[in-house]
Amino acid sequence: MGVGSLTLHDPHPTCWPDLAAQIFLSEEDLQRSRAEASHTRLAQLNETVQVFIHSGDITEDLLLDFQVVVLTASKLEEQLKVGTLCHTHGICFLVADTRGLVGQLFCDFGEDFMVQDPTEAEPLTAAIKDISQGSPGIITLKGEVNGHSFRDGDLVTFSGIEGMVELNGCSPQPIRVQKDGSLEIGDTTTFSHYLRGGTITEVKRSKTVKHESLDTALLQPRVVAQSTQEVHRAHCLHQAFRALHEFQHLYGRLPQPWDPVDAETVVDLARALEPLQGTEELLDEALLRTIALSSAGCLSPMAAFLGAVTAQEVLKAISRKFIPLDQWLYFDALDCLPEDEKLLPNPEDCAPRGCRYDGQIAVFGTGLQDKLSHQHYLLVGAGAIGCEMLKGFALVGLGAGGGGGVVVADMDHIERSNLSRQFLFRPQDIGRSKAKVAAAAAQGLNPDLRVTPLTYPLDPTTENFYGDNFFSHVDGVVAALDSFQARHYVAARCTHYLKPLLEAGTQGTHGSASVFIPHVTKTYSGPASAGTSEDTIHPVCTMRYFPSTFEHTLQWARDEFERLFQLSAETINHYQQTCTSLADMDGPQILTLLQQVLGVLRVRPQTWKDCVVWALGHWQLCFHYDILQQLRHFPPDKVFEDGTPFWSGPKQCPQPLEFDINQDTHLCYVLAAANLYAQMHGLPGSSDQTALRELLKLLPQPDPQHLNPIFTSNLELASAPAEFGPEQLKELQKALEVWSKGSPLKPLLFEKDDDSNFHVDFVTMAASLRSQNYGILPANRAQSKRIVGRIIPAIATTTAAVAGLLVLELYKVVGGPQPLGAYRHSYLNLAENRFDRWVPSAPTIQTFQHLKWTSWDRLKVPAVQPERTLESLLAYIQEQHGLRVRMLLHGTAQLYSAEWPPEKQIQFLPLRVTELVQRVPESGLLVLELSCEGEEDETAFPPLHYEL
């Protein structure tokens with residue numbers, strides 16, 4: 001994450017159990033100091049961060065050189081000593097540790113730690129409609145608040161106000177919220193009269209956090225928990241760690257794996273501990289005993305989760321952004337162990353083997369290790385979460401034995417922005433295949449890991465590759481995707497092939513991890529509402545003519561990019577290659593497309609100046625003339641028949657913009673548009689804003705008389721497509737013939753992560769200008785990039801945490817059949833210290849007449865000789881399942897409909913089923929979709945599997 005420097009202190013020699021959870025250690029490092037062995041590989045993650053090794057004692061003078069100190073795998077005596085020194089000197093102090101399937105984190109940031117930005121939310125902003133002169137002054141807001149809502153006592157500041165300029169840039173002012181939503185501020189009596197415009201912005205307040213030192217917090221633990229039950233469990237885990245420290249102090253070691261004698265000793269030590277202050281809770285001795293039995297192990301998913309949360313707390317300490325933990329966090333995944341005590345490991349099965357999996361075998365035994373090694377898994381996505389999952393696979397040994405393996409599928413290539421969160425990649429890998437680089441890096445972590453990289457996307461276009469034969473060799477699927485559309489598709493394939501699905505996603509400090517097991521849990525549904533999906537589609541009419549949110553304008557701008565710089569080039573190239581007459585094409589549609597790209601030019605651009613002329617003309621078309629045209633169709637005073645104003649509610653009446661060379665948004669739009677236009681035509685561009693400003697001063701402002709006379713506005717075309725006649729088509733054909741001469745154009749595919757290609761700049765500027773037309777608060781560049789790029793932002797801490805949670809579920813999936821109560825969905829918010837885990841829902845049972853099924857079920861039709869006809873298939877379905885088929889589909893092809901006329905039924909019913917489908921799959925299985933007579937509209941019958 002780019003801290004200034006990092007110093008490691010760990011003189012302990014590397015041993016076999018370390019390799020189960022520490023990615024920078026290998027067999028060659030055995031007996032070497034863990035710090036020394038890790039140094040080189042750790043430093044390679046970020047060459048701008050200085051990484052040092054300290055091999056001496058931890059002294060008071062040493063601690064004074066640091067802002068943050070973290071202790072891991074340390075004894076309690078050392079924790080108390082270092083914690084006291086840090087608390088005395090105002091050094092942020094953390095303790096993180098795991099013992100098998102339980103973990104703890106302690107934070108002490110001092111008695112007056114100032115958090116400058118307590119929440120992840122952006123400051124509230126709103127457009128101003130009016131400000132009254134008076135004491136107090138009353139602010140009326142325009143449209144919706146960007147964010148939640150203002151509250152009494154919020155501090156605000158102002159910008160962009162015309163008239164009452166005294167408020168612009170003023171010191172933060174308190175507000176009071178009125179019942180009608182208006183805001184009351186201080187005395188504005190002496191201020192200038194308000195004219196128009198302006199934005200009110202919340203000023204986020206800092207917050208002071210008070211932490212106790214470790215010696216005090218040890219007996220008065222404040223734990224992060226959501227319920228009384230969670231508090232009690234956290235207190236038991238707290239006492240368990242104290243008892244384990246005491247055991248280690250007395251015997252110089254941890255309890256032996258699954259040794260009942262050692263475990264009982266730990267329980268006795270816990271009983272003898274000084275009780276926690278302020279509570280009279282009874283110890284859960286069964287819980288303590290289970291913790292002690294499994295405490296000798298070291299697991300990579302536990303380290304990943306606790307390490308990620310700890311790293312986020314370190315970032316909070318450094319940046320003073322987000323509220324730190326208060327003060328203890330306890331986490332356990334004991335649900336990974338079998339519920340049946342007869343299936344728990346025994347000491348012999350968990351004894352050290354002198355191998356890299358000893359830390360894992362100490363918890364689960366050799367049985368699970370063998371199962372892990374023989375698994376075949378598909379990992380879809382080698383991005384942030386995908387890299388973390390590959391790390392987890394390497395450490396747990398998934399597919400690392402005979403006959404096992406992992407396939408990683410990702411068609412993308414590595415970009416520079418990936419390096420901050422996808423740790424398997426290095427600067428020298430930029431431009432290379434993510435799947436191939438990640439596979440090689442994962443094998444570097446564990447040479448026994450068998451990873452096959454694939455660069456084909458997993459989507460409907462590749463079902464001939466990722467088909468029946470491919471999935472028949474897959475035991476499970478992990479989805480690490482940044483698109484909800486892609487997640488839905490992968491989940492549908494898992495449902496079709498009855499494969500377990502592990503799925504995770506992140507958005508900033510928010511993360512989720514979910515598990516979907518055939519016939520045990522519900523299938524994946526995922527976000528589908530406008531508020532949760534980044535793939536929300538807005539109605540075209542709303543986007544183009546009546547936008548009311550910045551999302552509308554961004555979607556419009558993103559579509560504008562595609563129309564101007566991709567589709568238009570592809571259309572002209574197609575015409576150039578085929579010489580197709582426009583009379584044979586959709587004339588109005590082609591006119592709409594090419595109007596934009598030809599614009600004010602009658603011939604192809606030859607110079608940078610030509611591109612600037614086009615960009616300036618297009619600015620005038622979009623943000624001035626099209627708005628005037630719209631206002632001619634829908635005047636500001638237009639009303640409906642009942643007297644309701646047309647421009648009311650979410651429909652904001654637009655205003656045309658006047659091009660101003662001194663407005664940065666205007667200039668930057670022309671710069672971006674001209675460069676993209678130049679790229680499309682293979683011409684050199686320019687980033688010189690000063691030179692562009694001088695060039696624009698010399699160019700005349702386009703007016704309607706100078707625009708290409710072939711074209712009308714988009715709005716006229718949309719409202720009167722029938723007016724597109726033969727003469728206009730002839731003129732367009734003539735212009736296109738002139739335009740298409742020369743080399744093919746270069747269609748531009750939108751690329752979000754290259755900050756020098758002007759793609760995001762164009763969309764951001766276009767959306768901002770569109771927002772100005774409609775009085776909408778625009779989005780900043782970062783927001784625009786996130787929305788229009790259709791990406792879910794990732795940070796290293798959250799991705800590591802959700803990957804750890806997924807691998808914990810992987811243990812259960814691989815371990816064998818588990819009841820529903822064993823599995824966990826998880827949600828976390830590292831900014832707000834929220835950690836939720838819950839049992840998934842069981843599959844929903846659907847019914848129709850006597851038939852009951854879930855989304856995991858299917859209706860089967862066995863193969864017979866000779867093959868069934870359509871008529872005998874329908875009869876079989878009615879006889880075996882009691883269903884009268886109304887419609888039968890194979891993909892989108894209709895194989896049967898009860899509404900067919902008699903002559904068509906006579907023609908098709910005697911045909912064999914394979915004669916009705918276009919392609920018979922090699923697997924010998926047809927998957928058909930049916931609807932039945934008497935069903936309700938929302939009924940979704942199970943698929944029909946027709947065996948050949």
Side-chain angles (χ1 to χ4, degrees), residues 100-103 225-237 240 258 284-295 297 299 301-302 305 330-345 360 363-365 367-368 371-372 375 396 475-479 491 494-495 498-504 511-526 801-828 834-846 852-857:
L101 286 163
V102 297
Q226 307 295 328
S227 66
T228 303
Q229 184 179 3
E230 289 185 16
V231 171
H232 175 58
R233 190 174 182 88
H235 284 165
C236 287
L237 297 180
W258 294 92
D284 185 338
E285 295 189 359
L287 175 62
L288 288 170
R289 193 170 290 109
T290 302
I291 293 172
L293 287 167
S294 58
S295 63
L299 301 174
M302 291 296 297
F305 178 80
Y330 282 95
F331 174 80
D332 79 87
L334 294 169
D335 42 81
C336 291
L337 296 173
E339 290 185 0
D340 187 347
E341 292 186 2
K342 297 177 182 178
L343 301 178
L344 292 173
Q360 188 164 267
V363 177
F364 297 113
L368 179 62
K371 290 181 179 180
L372 285 165
Q375 291 288 298
V396 305
D475 293 308
V477 178
V478 176
C494 291
T495 303
L498 297 179
K499 301 297 181 181
L501 171 66
L502 297 164
E503 185 274 333
S512 64
S514 305
V515 56
F516 304 95
I517 306 298
H519 303 295
V520 178
T521 72
K522 274 188 175 181
T523 54
Y524 174 85
S525 56
V802 298
L805 292 169
L806 271 196
V807 177
L808 291 172
E809 297 306 306
L810 178 68
Y811 286 145
K812 306 169 188 177
V813 176
V814 174
Q818 305 278 352
L820 176 66
Y823 297 103
R824 296 292 185 274
H825 288 336
S826 301
Y827 168 81
L828 58 87
R834 181 177 172 185
F835 308 93
D836 297 328
R837 299 180 78 217
W838 65 96
V839 175
S841 299
T844 301
I845 297 176
Q846 301 184 65
K852 293 183 179 181
W853 73 93
T854 75
S855 52
W856 295 106
D857 293 319

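Along the sequence shown, residues carry numbers from 1.
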Report summary line: Leu820 and Ser841 have their tightest heavy-atom pair at CD1-O, 4.2 Å
Query raised in the report: Does the pair Lys852/Asp857 count as a salt bridge with the N-to-O cut at 4.0 Å?
Result: no
Query raised in the report: Roughly how far, to the nearest 0.5 Å, is the CG atom of Leu805 from the CE atom of Met302?
Result: 9.5 Å
Requested in this report: Considering non-hydrogen atoms only, spot the tightest contact between Ile291 and Ala240 and give its length.
Outcome: CD1-CB, 3.9 Å
Query raised in the report: If you round to the nearest 0.5 Å, how far is NZ of Lys522 from OG1 of Thr495?
Result: 13.0 Å
Report task. State whether a side-chain donor-acceptor pair under 3.5 Å links Gln818 with Tyr811. Result -> no
Query raised in the report: Mind checking whether Tyr827 and Phe835 have side chains closer than 4.5 Å, heavy atoms only?
Result: no
**Report entry** Side chains of Val478 and Leu806 in contact at under 4.5 Å (non-hydrogen atoms)
**Finding:** yes
Report task. Step through the shown structure and confirm whether more than 12 heavy atoms of other residues, nucleotides or ligands are within 6.0 Å of CD on Gln226. Result -> yes
Report task. Please lay out, stage by stage, how Leu502 and Val477 fare under the test side-chain contact (heavy atoms from CB on, under 4.5 Å). Result -> CA-CA 6 Å; Leu502 297 164; Val477 178; over 6 Å; no
Requested in this report: Report yes or no: does Lys371 contribute a side-chain atom to a donor-acceptor pair with the main-chain N or O of Gly815 at less than 3.5 Å?
Outcome: yes
Query raised in the report: Does some side-chain heavy atom of Arg824 sit less than 4.5 Å from a side-chain heavy atom of Val515?
Result: no
Report task. Find out whether Lys499 and Asp475 are in side-chain contact, i.e. whether some heavy atom of one side chain is under 4.5 Å from a heavy atom of the other. Result -> no
Query raised in the report: Is there side-chain contact between Val102 and Phe331, with heavy atoms separated by less than 4.5 Å?
Result: no
Requested in this report: State, to 0.1 Å, how close Cys494 and Pro500 come at their nearest heavy-atom pair, and which atoms those are.
Outcome: SG-O, 4.4 Å
Requested in this report: Please round to the nearest 0.5 Å and tell me the distance separating atom CG of Asp836 and atom OG of Ser826.
Outcome: 9.0 Å
Query - Validation row: Arg233, Leu334 side chains within 4.5 angstrom (heavy atoms) - result: yes
Query raised in the report: How far does CZ of Phe364 sit from CG of Leu344, to the nearest 0.5 angstrom?
Result: 11.0 Å
Report task. Check for a donor-acceptor pair, side chain of Glu503 on one end and backbone N or O of Ser514 on the other, with a separation under 3.5 Å. Result -> no
Query - Parallel, tilted or perpendicular: rings of Trp856 and His519 (30°, 60°) - result: tilted
Query raised in the report: Any salt bridge between Glu809 and Arg837, counting N to O under 4.0 Å?
Result: yes
Report summary line: When rounded to the nearest 0.5 Å, the distance separating CG of Leu808 from SG of Cys336 is 4.5 Å
Query raised in the report: What heavy-atom pair brings Thr521 and Pro843 nearest, and what distance separates the two atoms?
Result: O-CG, 3.2 Å
Query raised in the report: Just one of Thr844, Ile845, Thr523 clears the side chain to side chain contact (heavy atoms under 4.5 Å, CB included) bar with Thr854, so which one?
Result: Ile845
Report task. Please examine the side chains of Leu299 and Leu101, heavy atoms only from C-beta on, and report whether any two atoms are closer than 4.5 Å. Result -> yes
Requested in this report: Any chance you could measure Leu828, atom CG, to Phe305, atom CZ, to the nearest 0.5 Å?
Outcome: 6.0 Å
Query raised in the report: Taking the side chain from Trp853 and the backbone from Gln846, do they hold a donor-acceptor pair closer than 3.5 Å?
Result: no
Report task. Please step through side-chain contact (heavy atoms from CB on, under 4.5 Å) for the pair Lys812 and Asp335, ending with a clear verdict. Result -> CA-CA 9 Å; Lys812 306 169 188 177; Asp335 42 81; 2.6 Å; yes
Requested in this report: Please name the pair of heavy atoms, one in Val363 and one in Ser294, separated by the smallest distance, quoted to 0.1 Å.
Outcome: CG2-O, 3.7 Å
**Report entry** Aromatic plane relationship, His825 with Phe516 - under 30° parallel, 30 to 60° tilted, over 60° perpendicular
**Finding:** tilted
Query raised in the report: Nearest heavy-atom pair of Tyr330 and Ala234: which atoms, and what distance?
Result: CD1-O, 3.8 Å
